[in-house]
Amino acid sequence: QKEVEQNSGPLSVPEGAIASLNCTYSDRGSQSFFWYRQYSGKSPELIMSIYSNGDKEDGRFTAQLNKASQYVSLLIRDSQPSDSATYLCAVPFLSGTYKYIFGTGTRLKVLA
Amino acid sequence: GAGVSQSPSNKVTEKGKDVELRCDPISGHTALYWYRQSLGQGLEFLIYFQGNSAPDKSGLPSDRFSAERTGGSVSTLTIQRTQQEDSAVYLCASSLGLAGAYEQYFGPGTRLTVT
């Protein structure tokens, strides 16, 4: 069974701090990874994709990928109350099918 | 450009009735995915299409659920003889190609309530 695991949280951080969200996956062959943000009552919104080991930065967001250790993380710098949401990690499952496996998400609370 | 659209946004139906949920993907996106999300839960994969074909229907919960896609564009998810446990948000997503190399974009969802 291919799995994607995330800590459900809630992860509480003060405004202005760095929020660190982690995701581990079981399929060593996975090549691409996606982070989504989901506000309560809304649909998931793509934040970042990452395909290569290392860091990828986009504004206040940094995705980090370590394929050897099978984890991908999302850092949010200068966290704002508006960042409070559930963050979903998605990994494509490509063995015999082409679907995305989603983690259950980490709920982030940024405290003003 | 236009994103993924879904209709209706909300649907309330009586137990035992059939419902149809519609998804209109981003123009040019060949892959289309259906998910279900129950309150406070994660995303549950239902089915995906590549063009008009559905290579993986493994997530459909029962034979009351079916989906089709026509013209490589619009998709309809049909639930027959709805049950209360079918109440959830049904999300559609599309991508330029199959999972792996392409990013997936979600529609706003259809909230289904079965009374």
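Scope of the values below: all heavy atoms of this structure, side chains included, with no hydrogens, waters or symmetry mates. Within every chain, numbering begins at 1; the chains are lettered A, B, ... in the order of the sequence lines, protein sequences first and strands thereafter.
- A donor-acceptor pair under 3.5 Å is absent between the side-chain atoms of A:Ser43 and the main chain of B:Gly109, judged by distance alone.
- Aromatic rings from A:Phe102 and B:Phe45 are positioned such that their centres are separated by 6.0 Å or more.
- Note: the hydrophobic cluster containing B:Val4 does not contain B:Tyr102 (ILVMFWY, side chain heavy atoms under 4.5 Å, direct or indirect links).
- When all heavy atoms are compared, the tightest approach of B:Tyr33 to A:Lys99 is CE2-CA, 4.0 Å.
- Proximity to chain B involves both the backbone and the side chain of A:Tyr100, based on heavy atoms less than 4.5 angstrom apart.
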Side chain to side chain contact (heavy atoms under 4.5 Å, CB included) between B:Glu103 and A:Phe34, worked out: CA-CA 8 Å; B:Glu103 298 166 340; A:Phe34 304 89; 3.6 Å; yes

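- Separating the CG atom in A:Leu88 from the CD atom in B:Gln37 is a distance of 7.0 Å, to the nearest 0.5 Å.
- Only the side chain of A:Tyr36 comes within contact range of chain B, with at least one heavy atom under 4.5 Å from a heavy atom of that chain.
- Hydrophobic clustering of Ile, Leu, Val, Met, Phe, Trp and Tyr side chains at less than 4.5 Å, counting indirect connections, keeps B:Trp34 apart from B:Leu91.
- Listed for the B:Tyr105 side chain is no donor-acceptor partner under 3.5 Å among the backbone atoms of A:Leu46.
- Using a 4.5 Å cut-off between heavy atoms, A:Gln38 touches chain B through its side chain atoms alone.
- If you chain together hydrophobic residues whose side chains sit under 4.5 Å apart, A:Trp35 and A:Val91 fall into the same group.
- Hydrophobic clustering, with ILVMFWY side chains joined whenever heavy atoms are under 4.5 angstrom apart, groups A:Met48 together with A:Leu108.
- With a 4.5 Å cut-off on non-hydrogen atoms, B:Glu44 does not touch chain A at all.
- Within a 6.0 Å radius of CD in B:Glu14, other residues, nucleotides and ligands contribute 12 heavy atoms or fewer.
- Residue A:Lys67 qualifies as enclosed at atom NZ: its count of foreign heavy atoms under 6.0 Å is above 12.
- B:Phe49 and B:Ile79 fall within the same hydrophobic cluster, defined by Ile, Leu, Val, Met, Phe, Trp and Tyr side-chain heavy atoms under 4.5 Å apart, directly or through other members.
- Between atom CD of residue A:Glu45 and atom CZ of residue B:Phe106 there is a gap of 11.5 Å, rounded to the nearest 0.5 Å.
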